[in-house]
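Lettering follows sequence order; numbering is per chain, from 1. The analysis underlying the following values was restricted to heavy atoms, covering all of them including side chains, and did not include hydrogens, waters or symmetry mates.
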There are 2 protein chains.
Amino acid sequence: MTKTESTQHRILDAAEQLFAERGFAETSLRTITTRAKVNLASVNYHFGSKKSLIQAVFDRFLQDFTGELSVELLTLEQMKAEQIDAEKLLYALINPLLAMDKKRKNAISIFMRLLGRAYAETQGHLRRYVTEKYGHVLVRFTHLFQKGYPELTNDQIFWRLHYMLGSLIFTLAGSDALRQISEADFNRSLLVEDVIKEMIPFLAAGMKA
Amino acid sequence: MTKTESTQHRILDAAEQLFAERGFAETSLRTITTRAKVNLASVNYHFGSKKSLIQAVFDRFLQDFTGELSVELLTLEQMKAEQIDAEKLLYALINPLLAMDKKRKNAISIFMRLLGRAYAETQGHLRRYVTEKYGHVLVRFTHLFQKGYPELTNDQIFWRLHYMLGSLIFTLAGSDALRQISEADFNRSLLVEDVIKEMIPFLAAGMKA
DNA sequence: TCATTTTCCAAACAACTGTTTGAAACATAC
DNA sequence: GTATGTTTCAAACAGTTGTTTGGAAAATGA
């Protein structure tokens, strides 16, 4: 148990945490390799470059997430249009997230932060990489949304999807910090799952509006 | 007309645009001073440091925004509880934004990008600076929300406010890019105002849920 | 006009960045 | 054992970063 992990694994673990905390440009390879307790040169040896390391971090998360999301979408795709509603669509996104969080501590927060940073990367390398490699799953989600709510125009679907993602990413990315604020102000503790469950009615109401 | 602006003004203009586009760490002082057509040393001369320059950029935006927001809140604060609803609260935020956008081109997109980046700054220097200096306006907004919807718990108010901000910031920060996607996919042009008006029913429904 | 303060500017500074190198250490197979 | 391929490591590389410096230029006030 807790065997010494491989160098690549250790680098990925340290990198994803530091990238989520500080951002890509603000995290130097020396910080990563120090935390991972590996030699500086091993990043370039195993991953080629810092850019490739960033992509590798995303790949590990997104393969896991999109895999589970695809299963959720498959069951929804077999339903009739009347059976599809906003809540079911939301849970198709949230269930894979919660599953990730069970396997790895703070996975949701880290993952959402990374997504937020990828989105902020307006120069777009990373955003393009992510959408080109994993965009097809989002397209399937969009089609289910249209199927469940045929009275909405394509534009409305498109934008409401982004409003929803905005709430999700923004809130869950900051859930650590926000939870602390909430605990200080209202003197009660909150779990990520509680925060998410609080979101469902808000988002569902908006999607149906 | 179009007199040569002061050095500080030119630096602020170049900086806010570049910070919004690329981020703080990704934007060097040399890039800023080149675009502003001023000497490199003038940033440290006029602002002291890069960090102070970032704060100055935020100050210029936030003084403008919170000033106008405060006026909107004042009229709401004179209303009876029954008159306050989600739509009015949303317009209290949105009207100052639209006013800014009229004065300065793409101001909404730039402003929201900056806010998103400040929020992502989890180390927190900037976030703390912003909340400490301008947080009281947000507190007034929260109180109005509570007044209008007394059936909601403090927790619900707190979180729904953040869901709303997430949608707003996320969507409007990327509105340039998203508008392009939307125009390509659905072959119709959109204005920022249209995007915002699309958001109102979504957000209002969620807040009332 | 002269004296004083403010602003500008080219050059240099030390610190840090991602990446490369070549040899050492290790592992694997024969 | 030797030979072969893989992985680690300290050191150095060239480039970029924010900041400082000291003198020139401009502006200000008497």
(message) Under 4.0 Å, counting only non-hydrogen atoms across every strand here, what does A:T27 touch: a base, just sugar-phosphate, or nothing?
(response) sugar-phosphate

(request) Toss me the dot-bracket line for DNA chain D: Watson-Crick and G-U wobble, both under 3.5 Å, 5' to 3', using | for pairs to another strand and [ ] for crossers. (result) |||||||||||||||||||||||||||.|.

(request) Using atom CD1 of A:I54 as one end and atom P of C:dT19 as the other, report the distance to the nearest whole Å. (result) 10 Å

(message) Can you give me the first and the last nucleotide of DNA chain D (5' to 3') that has an atom within less than 4.0 angstrom of a non-hydrogen atom in chain B?
(response) D:dT17 to D:dT21

(message) Using OP1 and OP2 only, check whether a side-chain N or O of B:N39 sits under 4.0 Å from C:dA10.
(response) yes

(request) Ignoring backbone atoms, test whether B:H46 places a side-chain nitrogen or oxygen under 4.0 Å from the OP1 or OP2 oxygen of C:dC8. (result) yes

(request) Please determine which of B:F145, B:Y149, B:F202 meets the side chain to side chain contact (heavy atoms under 4.5 Å, CB included) test together with B:M207. (result) B:F145

(request) Sequence neighbours left out, what pairs pass ring pair (Phe, Tyr, Trp, His ring centres under 6.0 Å) with at least one residue falling in residues 48-75 of chain A? (result) A:F61-A:F111, A:F65-A:F111

(request) State whether B:S42 places a side-chain N or O below 4.0 Å from either non-bridging phosphate oxygen (OP1 or OP2) of C:dC9. (result) no

(message) Looking only at the side chain of A:L29 (C-beta and beyond, no hydrogens), which of the listed nucleotides C:dT21, C:dG18, C:dC8 gets closest?
(response) C:dG18

(message) As a test of understanding, state which of B:Y119, B:Y163, B:W159 forms a ring pair (Phe, Tyr, Trp, His ring centres under 6.0 Å) with A:F170.
(response) B:Y119

(message) Closer than 4.0 angstrom, basic N to acidic O: yes or no for B:R117 and B:E26?
(response) no

